[in-house]
Undergrad: 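If you scroll down you'll find the structure; I have some questions about it.
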Amino acid sequence: MTGPDDLRVNVALANRILANERILDAFGHVSIRHPERPGHFLLSCSRAPELVEVDDILEYDERSEPVAPTTKALYIERYIHGEIYRARPDVHAIAHHHAAAVLPFCVAGVPIVPVYQHGAMIGRHVPFWDSRDEFGDTNLLVVNMEQGASLARALGQDWMVLMRHHGATVVGTDLQEMVFRATTSCRNAEFLLAAKSLGPVEGLTPGEIDKAGKVPPAAIKRAWEYFVARLPG
């Protein structure tokens with residue numbers, strides 16, 4: 001069984017991968033559920049993802065607060081992680097990002113649909129969360145448990161949720177699957193936007209999504225190794 005120390009290494013690596021693949025910019029963050037305390041999770045202190053190191057990974061409790069006292073700055077939006085883990089026992093890894101590929105859809109309120117094989121990993125439906133529905137005008141950040149719980153409700157049983165004028169949150173049953181989904185969902189958004197410039201776009205059928213979305217673990221491992229090999233240095 002993989003222990004917390006090993007997971008800290010992989011969380012730091014996932015941050016660097018998603019930064020290198022241009023999914024995460026100076027902001028955004030990656031977490032994993034604690035393997036021994038399911039209500040807890042591992043998440044970096046507030047650092048640019050490209051700079052995250054193993055010692056930056058902290059353990060957070062059910063209220064998304066650090067288990068051990070720390071003087072390090074924390075991500076304001078850590079409640080995204082805590083509330084999704086609370087609502088979704090099947091989710092073991094989460095990334096929140098503001099990738100340029102998905103922002104046009106977040107701004108326009110246009111649905112993202114799968115249009116290529118690995119794009120099927122986003123599933124049949126990508127919900128849309130508008131923070132104004134429950135909280136009125138905000139600074140667009142998820143800054144407390146109530147807002148995190150609202151986002152988790154919008155996500156429901158899906159694998160990705162778009163956030164109005166903000167970004168996206170992607171989940172997975174493990175870290176490597178989530179990283180693959182975060183990456184392929186952005187590629188899918190790029191392809192969809194480019195195809196729309198050529199004319200009407202027909203997405204994958206529900207049957208194609210169900211079949212193509214079941215990516216074998218060996219393929220996900222292959223992608224992870226590819227992402228790692230692309231890291232600088």
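Position 1 is the first residue of the sequence; numbering continues from there.
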Undergrad: If I take atom CG from residue Leu18 and atom CZ from residue Phe227, how far apart are they, to the nearest 0.5 angstrom?
TA: 8.0 Å
Undergrad: Check the surroundings of atom CG in Asn139: do more than 12 heavy atoms from other residues, nucleotides or ligands lie under 6.0 Å from it?
TA: yes
Undergrad: Could you grab the distance from atom CG of Leu162 to atom CH2 of Trp129, nearest 0.5 Å is fine?
TA: 12.5 Å
Undergrad: Is Asp210 salt-bridged to Arg124, cutoff N-O under 4.0 Å?
TA: yes
Undergrad: I'd like to know if Ile17 and Met160 are part of one continuous hydrophobic network [Ile/Leu/Val/Met/Phe/Trp/Tyr, side-chain heavy atoms within less than 4.5 Å].
TA: no
Undergrad: Any chance the rings of His97 and His29 have centres within less than 6.0 Å?
TA: no
Undergrad: Hey, could you give me the NE2/CE distance between His96 and Met163, rounded to the nearest 0.5 Å?
TA: 4.5 Å
Undergrad: Mind listing the closest non-hydrogen atom pair of Leu24 and Phe27 along with its distance?
TA: CB-O, 4.0 Å
Undergrad: What is the minimum heavy-atom distance between Leu175 and Val11, and which atoms define it?
TA: CD2-N, 3.9 Å
Undergrad: Which residue, Glu62, His34, Arg33, His40, forms the side chain to side chain contact (heavy atoms under 4.5 Å, CB included) with Tyr85?
TA: Arg33
Undergrad: Would you compute the distance between atom CG of Leu140 and atom CZ of Phe135 and round it to the nearest 0.5 angstrom?
TA: 13.0 Å
Undergrad: Looking at Asp5, Asn10, Asp6, which hits side chain to side chain contact (heavy atoms under 4.5 Å, CB included) with Arg8?
TA: Asp5
Undergrad: Are any of the side-chain nitrogens in Arg78 or Glu83 under 4.0 Å away from the carboxylate oxygens of its partner?
TA: no
Undergrad: To the nearest 0.5 Å, what is the distance between CZ on Phe41 and NE2 on His81?
TA: 6.5 Å
Undergrad: Hydrogens and angles aside, do Glu134 and Ser150 bring a side-chain donor and acceptor to less than 3.5 Å of each other?
TA: yes
Undergrad: Are Phe180 and His118 an aromatic pair by the rule of ring centers under 6.0 Å?
TA: yes
Undergrad: Would you call Arg230 and Glu225 a salt bridge, using N to O less than 4.0 angstrom?
TA: no
Undergrad: Does Ile122 form a side-chain contact (heavy atoms from CB on, under 4.5 Å) with Thr184? I'd like the steps, not just the answer.
TA: CA-CA 8 Å; Ile122 66 176; Thr184 56; 5.8 Å; no
Undergrad: Working to the nearest 0.5 Å, report the span between OG of Ser131 and CZ of Arg164.
TA: 6.5 Å
Undergrad: Would you mind checking if Arg88 and Asp90 are paired as a salt bridge, meaning a charged N to carboxylate O distance below 4.0 Å?
TA: yes
Undergrad: Looking only at heavy atoms, which two atoms of Val67 and Asp61 are closest? And how far apart?
TA: CG2-N, 4.0 Å
Undergrad: Do Met145 and Arg86 make a side-chain contact, defined as non-hydrogen atoms from C-beta onward lying under 4.5 Å apart?
TA: yes
Undergrad: Just checking, any donor-acceptor pair under 3.5 angstrom between side chains of Tyr60 and Ser31?
TA: no
